Amino acid sequence: MREDGVEPLMAAVESVLVPLRMGQGLDDIALAGLEAAIDSFADHWSGERLIPKQAAAIVAEIWPALDSCAALYDEAGSDLIRRVAARLTERVSRCFLEPE
Amino acid sequence: MTATPSLLLPDGRRIGHRSRRVPTHPPRPRERCGRGSQPENTRPRPKPAPGPFSLRPKPENPYHCTVSGRLRLRACPRAEFYVNGNPLNLNDPNGHRPACDGGSDCTAVYAAYEQGQRVAAAYRVVEAVAEQNVKDLVIKLYTQSGVPGNPTQAAFIADIHKCEHGYGGGFCAGAADIANGATPQQAAQLASALCTGASDYASANEYCASGLAIPDPIANGILDSVATFGVAGLVRGGGGILANVLDSAAEDANVSGSSTVFRVLRAGEDPAAGLGSKDPLASYSEATHVRMGTRLSTQFISTTKDINVALKWAAISGNPIAAIDLGLVDSPIYDLSTAEGQQMFLAGNPIAQAYARSSLEILIEGPVQPGAVNPWVPGS
């Protein structure tokens, strides 16, 4: 396994998005795992000016993917998913902070 | 693939040319519907009955069911399906074709004929399963699930024929594994292994006759699920049946593009009018459709190879499922269910790949003709 944190990040993203798109709703445990994976990735690359392209593709996809999945659910479900998307987006932005 | 003789109809269509529906194994003139082991050429021949609809068994005719040369009616129900259940009104001199004098709607007649063939093929599969209780189980399942009026189910079972000599064993193994907690996919793998590994019919029989054959409690459980959930119960509880078929469908989609896929219809979609994309003139990529198809109007129609995926969404939305015969679809088809397809069409989009992989997704670009669509309401 690569040590750049990309694979765990992808696995965590999949564990949230795939069930969501399959109509199974939000998995709180998987969501907590994704937040932890994002944090871990951000920490891993905190001192760097660049991050792997594959990771950038994944984190950039989180918001549109969640937004698309939200359309599959009723109003309450959609609202919840969008709130989660906003929360994750804030976390993702940490990955792109310039080193001080 | 075996080429079969075809019959050119007045309207230009051909009957019997769809070789993928035709079993490729050699004829099995012995042991139809049972374990009669008497060689064909030493059987006592019953005296032919007079009249145009003789019940005299014809060993070369796969629609007849005999045990030791005698017609066996009870174990071969609906043997008249070769005339679509109506031997009085349909002219069927050879047991293969309904009458159409040109004055009636020949298309409907021939469609009914093909449907009858599929159901008959389903019963040929039942005959081929050596274990009597398994055979009885399948017949019961069909009876309870209303297969004669359900072309999708009939087509499923007819497709089992592709498994050649191993299908009996495949059924037993698949159903038993499902009953023991395996997923349909796992059962499919086992069924596939048996299909490809058990090249001789005897080994399949042996497998069926072993302890892996379905014991009555499990069979009853499957029947209960049918009673509770209707066809959906059949699909879930009898996953072994479909596991085999899904495996065949996967092979079809990879090899020849001919298989059945499923789609939960949108509100307002009418399968009788065919299916269309939201925007036939759009030019989105496959990846964009998979990622954001719910938000966008694209040129693609999403389908899945996995009936369970469709069933889940049908349960959520309450909308019916359509079964689409890809062999009858003229529009371009993109198989995103395989690693090769994902690499080819979804490269650089790991999330789209994960979606397609989990849903066994197949995209159709453009319209689907009405003739390729079979509406199917779970539980009906």
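Letters go in sequence order (proteins before strands), and every chain restarts at 1. Keep in mind it's a predicted model, so treat the numbers as computed, not measured.
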Residues in salt bridge (Lys or Arg N to Asp or Glu O under 4.0 Å) contact with D39(A), at least two apart in sequence or another chain: R91(A), R94(A)
Looking at residues at least two apart in the chain, or sitting in another chain, which of them share a side-chain hydrogen bond (donor to acceptor under 3.5 Å, both in side chains) with R87(A)? E35(A)
Interface moiety of V13(A) toward chain B, non-hydrogen atoms closer than 4.5 Å: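 The side chain, not the backbone.
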Name the region of M10(A), side chain, backbone, both or neither, that has any atom closer than 4.5 Å to a heavy atom of chain B. side chain
Tell me which donor-acceptor pairs, judged by distance alone and kept under 3.5 Å, run between chain A and chain B, one pair per line.
unit_1 : atom_1 : unit_2  : atom_2 : d
E14(A) : OE1    : R357(B) : NH2    : 3.4
E14(A) : OE2    : R357(B) : NH2    : 3.2
R21(A) : NH1    : S359(B) : OG     : 3.4
R21(A) : NH1    : E361(B) : OE1    : 3.2
R21(A) : NH2    : V290(B) : O      : 3.3
R21(A) : NH2    : E361(B) : OE1    : 3.1
E61(A) : OE1    : R291(B) : NE     : 3.2
E61(A) : OE1    : R291(B) : NH2    : 2.9
E61(A) : OE2    : R291(B) : NE     : 2.4
E61(A) : OE2    : R291(B) : NH2    : 3.2
D67(A) : O      : R295(B) : NE     : 3.3
D67(A) : O      : R295(B) : NH2    : 3.2
D67(A) : OD1    : R295(B) : NH2    : 3.1
D67(A) : OD2    : R295(B) : NE     : 3.2
S68(A) : O      : T294(B) : OG1    : 2.7
S68(A) : OG     : R291(B) : O      : 3.1
S68(A) : OG     : T294(B) : OG1    : 2.7

Looking at chain B, which one of A71(A), P19(A), A57(A) has the largest number of heavy-atom pairs inside 4.5 Å, strictly under?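 Maximum pair count with chain B is reached by A71(A).
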